[in-house]
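Some notes on the structure that comes next.
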Amino acid sequence: MKRKIVSALVCAAMVATMVVGCGSSSTTTAPAEDATEAPAEEEAEAPAEDAEEAPAESDASNASGDVITIGFAQVGHESDWRTASTKSCQDVFSAENGYDLQFVDCDNDSAVQLEAVRGFIEQDVDYIIIDPIVSTGWDTVLTECEDAGIPVIVIDRTIDDSDKYAAWVGSNFKTEGLAAGEWLKAYAAAKGITEINALVIEGSTGASATIGRTEGFKEIADREGWTILDSQSGDFTQDGGQEVMESYCKSYEGKFNVVICQNDNEAFGAMDAMTAAGVSYGVNGDVILVSFDACTAGLEFVMSGDITADFECNPLAAPFVEEVIKTLASGGTPDKEVYMVEHWYVNEDVVPSIEVNGETQEMTVVTQEIVDAQY
């Protein structure tokens, strides 16, 4: 797997960008009335010894001084991860850095997202960034972008039914799922747990993050002969995670010892539901709780022992999207896929490393320093 970027130094690049100037970008009216702007929290450097050098901070982006117009069709505002992703783009593609960012919060509505992209075409923006709500149904509108001569950069989730975009920047979601499975196998062996009966709270239906994490974890579960009692969508939200877990606690009372939540916000909701149902979870509980994203709040719960393990998905793609734009502007051809290196976090130093796709990957025990450095 191509590993070009380390989440740690993305955070460092974000700090540098904010020091240069972090003004508010131009925005279109978001379709969600309750959409909130990402909190202005400082990004710090994360602990990664093997980090490569991150892209340099923005230098007004355009040698001629002309403003570069970018349209960004964001999934929504459903999680801490999404908030950090939005803030990353708003900070990098700011007016101070030579950009006019037209931002649309699509509120998890695929039809709204397609229309947002068409709106960007009508505005004749210079570049379009899409974080696709679902992975299919994109070929027609991407053809329209291509015909208009507007390069598209896809971030985070993937598009599976078209290749008419300049580059994709994001994570290998199946690898995240595989890593969770390999860690659970090693952790269960270290703890003397011989039987795994798991409940899965999936993300949004049709999202590539959901598909990849589900496939990766199920591959290990099938190989090891584990039982997946149920797998339902919590839509990547805290309310969704709580609702699904409340149902699980009633339907599978006393039958499960593992809960897999496909993002931190779902895990927070699942924790509330299990607490209310009298189910103990985490390091000293009856249920192993595994999450994805590793946002600041997620890592705080890992450090406290409530979440047993958390598998990072890096939201800070914007500095590397800017590198793609600079390459395109100079007449170059960017890499089609840019994978972000991610870290796997645990409470206990029980499993120091795991093997994923034949590669040794370290498990990181969460400390306050790591929490303070996270997005």
Side-chain angles (χ1 to χ4, degrees), residues 79 81 171-189 191 193 195-205 207-238 240-249 251-252 255-275 277 279-283 285-295 298-299 301-302 305-313 342 344-348 350-351 354 356 363:
S79 65
W81 192 99
S171 305
N172 191 318
F173 302 120
K174 184 173 181 180
T175 294
E176 293 171 2
L178 289 169
E182 294 289 8
W183 171 83
L184 180 59
K185 174 193 172 185
Y187 183 79
K191 292 288 188 176
I193 300 170
E195 185 176 348
I196 297 294
N197 295 296
L199 291 167
V200 178
I201 303 179
E202 298 180 9
S204 300
T205 302
S208 57
T210 299
I211 294 167
R213 290 168 190 167
T214 300
E215 288 181 352
F217 182 76
K218 187 176 185 300
E219 182 175 315
I220 306 302
D222 289 346
R223 186 193 72 194
E224 298 300 319
W226 298 339
T227 299
I228 296 179
L229 297 167
D230 208 338
S231 188
Q232 297 180 24
S233 172
D235 212 24
F236 285 132
T237 68
Q238 184 163 338
Q242 182 171 349
E243 182 178 351
V244 173
M245 196 67 236
E246 286 172 348
S247 174
Y248 282 166
C249 287
S251 300
Y252 301 100
K255 298 178 181 178
F256 62 96
N257 62 349
V258 174
V259 172
I260 307 292
C261 296
Q262 290 188 352
N263 82 339
D264 285 337
N265 288 82
E266 288 180 341
F268 305 156
M271 289 161 58
D272 290 340
M274 285 190 284
T275 296
V279 176
S280 63
Y281 53 85
V283 172
D286 295 327
V287 174
I288 299 168
L289 180 58
V290 177
S291 185
F292 293 86
D293 280 2
C295 67
L299 292 189
F301 281 118
V302 174
D306 294 288
I307 294 175
T308 322
D310 205 340
F311 294 81
E312 184 179 43
C313 182
E342 300 172 315
W344 317 138
Y345 295 103
V346 291
N347 173 274
E348 298 178 287
V350 173
V351 179
I354 56 176
V356 182
M363 304 301 301

Nearest atoms (heavy-atom pairs only) where S204 meets D235: OG-OD1, 2.7 Å
Indicate the ring-plane relationship of Y187 and W183, choosing parallel, tilted or perpendicular according to the 30° and 60° boundaries. parallel
Indicate, with yes or no, if the rings of F268 and F301 have centres closer together than 6.0 Å. yes
Candidate pair F173 and T210, rule side chain to side chain contact (heavy atoms under 4.5 Å, CB included), full reasoning: CA-CA 8 Å; F173 302 120; T210 299; over 6 Å; no
Does T175 reach the side chain of V356, with side-chain heavy atoms less than 4.5 Å apart? yes
How about I220 and W226: do any of their side-chain heavy atoms sit closer than 4.5 Å? yes
Hey, which of E202, Q262, E176 is the one that makes side-chain hydrogen bond (donor to acceptor under 3.5 Å, both in side chains) with R213? E176
For a quick check under 3.5 Å, do Y281 and D286 share a side-chain donor-acceptor pair by atom type? no
Do NZ/NE/NH1/NH2 and the carboxylate oxygens of K174 and E219 come within less than 4.0 Å? yes
Min side-chain heavy-atom separation I196-T227 under 4.5 Å: no
May I ask you to decide if G240's main-chain N or O and T237's side chain share a donor-acceptor pair within less than 3.5 Å? yes
Let me see the working for L184 and V258 under side chain to side chain contact (heavy atoms under 4.5 Å, CB included), right down to the final yes or no. CA-CA 9 Å; L184 180 59; V258 174; 4.0 Å; yes
Does one side chain, of E342 or S171, offer a donor that lies under 3.5 Å from an acceptor on the other? yes
Output all residues satisfying ring pair (Phe, Tyr, Trp, His ring centres under 6.0 Å) with F236, sequence neighbours left out; order by chain, then residue number. none
Taking C-beta and beyond as the side chain, do V346 and V351 meet within less than 4.5 Å on heavy atoms? no
With heavy-atom distances below 4.5 Å as the criterion, would you say the side chains of S233 and V244 are in contact? no
Of all heavy-atom pairs linking I354 and A179, the shortest is CD1-O, 3.5 Å
Could you tell me the separation between the OH atom of Y345 and the CG atom of L299, rounded to the nearest 0.5 Å? 6.0 Å
Side chains of D264 and S291 only: does a donor on one sit below 3.5 Å from an acceptor on the other? yes
Hey, could you give me the CG/SG distance between N265 and C295, rounded to the nearest 0.5 Å? 6.0 Å
Walk me through it: do E312 and D293 pass the test side chain to side chain contact (heavy atoms under 4.5 Å, CB included)? CA-CA 4 Å; E312 184 179 43; D293 280 2; over 6 Å; no
Side chain to side chain, M274 and V259, heavy atoms closer than 4.5 Å: yes
Answer yes or no: is there a side-chain heavy-atom contact under 4.5 Å between F217 and L178? no
What distance do C261 atom SG and I307 atom CD1 have between them, rounded to the nearest 0.5 Å? 7.5 Å
Please confirm whether the backbone N or O of I288 pairs with a side-chain atom of T308, one donor and one acceptor, at under 3.5 Å? no
Quick one, V279 and F256 - any side-chain contact, counting heavy atoms below 4.5 Å? yes
If you look at every heavy atom in A180 and F311, which pair is closest and at what distance? CA-CZ, 3.4 Å
Is W81 reaching over with its side chain to a backbone N or O of N263, donor-acceptor style, under 3.5 angstrom? no
Neighbour count >12 (heavy atoms, 6.0 Å) for atom CD, Q232: yes
Between Q238 and Q242, do the side chains contain a donor N or O and an acceptor N or O under 3.5 Å apart? no
Does D230 reach the main-chain N or O of L199 with its side chain, forming a donor-acceptor pair under 3.5 Å? no
Can you list the steps and then say if E266 with M245 is a side chain to side chain contact (heavy atoms under 4.5 Å, CB included)? CA-CA 9 Å; E266 288 180 341; M245 196 67 236; over 6 Å; no
What is the distance from atom CG of D306 to atom CG of L289, rounded to the nearest 0.5 Å? 8.5 Å
